There are 2 protein chains.
Amino acid sequence: MTIKRGKKKRLSSAERREQIVEVALKLFSIKGFRGTTTREIAKEAGISEATIFKLFANKKALYKAIIDKCCSDSEGQLLLIKRLEGKSERDILTEIADFFLERYLNDPTFGRLLLFSALEAGDFSELFIRTRGVEILDYLSGYMKRLMKKGTFKRYDPHLAARAFLGMIFHYCMVQGIFGFNRFFNPPARIVGKTFVDIFLEGIKKGEWI
Amino acid sequence: MTIKRGKKKRLSSAERREQIVEVALKLFSIKGFRGTTTREIAKEAGISEATIFKLFANKKALYKAIIDKCCSDSEGQLLLIKRLEGKSERDILTEIADFFLERYLNDPTFGRLLLFSALEAGDFSELFIRTRGVEILDYLSGYMKRLMKKGTFKRYDPHLAARAFLGMIFHYCMVQGIFGFNRFFNPPARIVGKTFVDIFLEGIKKGEWI
DNA sequence: CCAACAAGTTAGTAAGCACTTACTTAAGTA
DNA sequence: TACTTAAGTAAGTGCTTACTAACTTGTTGG
């Protein structure tokens, strides 16, 4: 896909742009913006550095194109939210957990890019985080609020409650994928999700519900 | 402390080493290993670049010295664990939550360094993570296991349960400090800790315990 | 006071970086 | 086929980087 052999086909500038963005996305997520050289991107894409700069004003513009791609491509997150309508609390939380566990455990690319972006504090990282980090949080926070008003859930700060639930999931994914814990501990995602949902809904303390 | 004016005092090589490590620790945690230049470190420390290389074979050796410092300096984490002996479940969890919330919310230096280290995947990052990321996890995991055997806690994978609790806390700190959410949302740490402990022990669902 | 040595600096070097210029090549079209 | 234009490149540019060699300066014990 990336390194071509034999006769090289010419691509239209739009196609080439797209290809470069994909290659750079992959490399930036592995080594970060600063840690990736334009030479590496060119090599991996099977083109010369000059071609990159024909299509992008500078390295930062390429980074911006990646962020834009990630922001626009909602990766089914909005789709997920639609799918939740009308379901029970347990089903909703389970579906959210499974969705993110499956996504981030199998492919840490996006998570890594988001983290690099936050740490390296480029000009676009804020945009990135605001658009992509807040969707599900806002949804869940609003959902919690409704259930608290209805009396189904206890009254806490709904934003904090949402953060508690998502924190379990995202931190788990981060530690598994980025800190490499998955080499020593890797239970089925289904069980991880169920455990987190159970604890979040009923707590870990033994007892009986009325 | 860092930029000196007027007559410069000579330090012993040990003192100078220590000072350079401190300055570099701060800069690495802000801009990462790759993103920080030896020139910047020298300027911030008020010395010449050559002095750095008199005391450290190369940039990587300086990084290693920082990791070592962070690994050896347990920052009171073992102290915390000792302090927990004989307390109730709620008190233990609350104390753990408060400890890390207070620490990481007030000073994200260490957290940032750990993240950079994991992402940039230097040769020492693994060492760093194994020594500093696992202490409290192992402790809590063992504690959960005992309470599950005793029947106080429900039976889940104890490691997973510990990850759930710590995930709430660490992810919260990360999002606040590194993603900058603290500018829009910043409740007292005490309340955050209490909310997380409550949810973890009794769940968010309303009901009554017998 | 002054040698001796450690602490510190000046002024580099080679390699690597993002980025450019001036050129070549492929492919559609008249 | 021959012309035009867009796609692509080779070979640089100037700047920054980690790192060094050769020198200077402060401190201290005899």
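Note that this is a predicted model, so its numbers are computed, not measured. Sequence lines set the chain letters: A, B, ... in the order given, protein chains first and strands last, and positions in each chain run from 1.
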[X] [atom1] - [N] [atom2] separation (whole Å):
X: B/Ile47; N: D/dG26; atom1: CD1; atom2: P; answer: 17 Å
X: A/Phe56; N: D/dG8; atom1: CZ; atom2: P; answer: 12 Å
X: A/Phe28; N: C/dA18; atom1: CZ; atom2: C1'; answer: 12 Å
X: B/Lys43; N: C/dT9; atom1: NZ; atom2: C1'; answer: 17 Å
X: A/Ile52; N: D/dA10; atom1: CD1; atom2: C1'; answer: 15 Å
X: A/Glu18; N: D/dA7; atom1: CD; atom2: P; answer: 15 Å
X: A/Leu11; N: D/dG8; atom1: CG; atom2: P; answer: 6 Å
X: B/Glu49; N: D/dT20; atom1: CD; atom2: P; answer: 12 Å

task: Please report the C-alpha distance between A/Phe165 and A/Phe170 in whole Å, then the side-chain angles of each, then the deciding distance to 0.1 Å, and finally whether the ring-ring contact (aromatic ring centres under 6.0 Å, His included) criterion is met.
output: CA-CA 9 Å; A/Phe165 182 68; A/Phe170 289 143; 9.4 Å; no
message: Measuring to OP1 and OP2 of C/dG16, would you say a side-chain N or O of A/Arg39 lies under 4.0 angstrom away?
response: no
message: Using OP1 and OP2 only, check whether a side-chain N or O of B/Ser13 sits under 4.0 Å from C/dA7.
response: yes
field: Most 5' of A/Leu55 and B/Lys59 on DNA chain D, judged by nearest nucleotide
entry: A/Leu55
- prompt: Just by modelled atom types, is the B/Ala45 backbone N or O under 3.5 Å from a matching donor or acceptor in the B/Gln19 side chain?
  reply: yes
Of the nucleotides [options], which has the atom closest to the [X] side chain?
X: A/Ala50; options: C/dA7, C/dA18, D/dA10; result: D/dA10
X: B/Phe53; options: C/dT25, D/dC19, D/dT27; result: D/dC19
X: B/Arg10; options: D/dG26, D/dA18, D/dA6; result: D/dG26

query: If you measure from the Lys or Arg side-chain nitrogens to the Asp or Glu carboxylate oxygens, is any gap between A/Glu126 and A/Arg130 under 4.0 Å?
result: yes
- request: Using a strict 4.0 Å threshold on nitrogen-to-oxygen distance, state whether B/Glu120 and B/Arg34 make a salt bridge.
  value: no
- line: When A/Lys54 and B/Lys54 are each assigned the nearest nucleotide of DNA chain C, the 5'-most assignment goes to B/Lys54
- prompt: On DNA chain C, nearest-nucleotide positions of B/Ala14 versus A/Ala57: which is more 5'?
  reply: B/Ala14
message: For A/Phe124 and A/Tyr63, take the angle between the two ring planes, folded into 0 to 90°, and tell me which bin it lands in: parallel under 30, tilted 30 to 60, perpendicular over 60.
response: tilted
query: Touch check for A/Thr51, heavy atoms < 4.0 angstrom, all strands: base, sugar-phosphate only, or nothing?
result: base
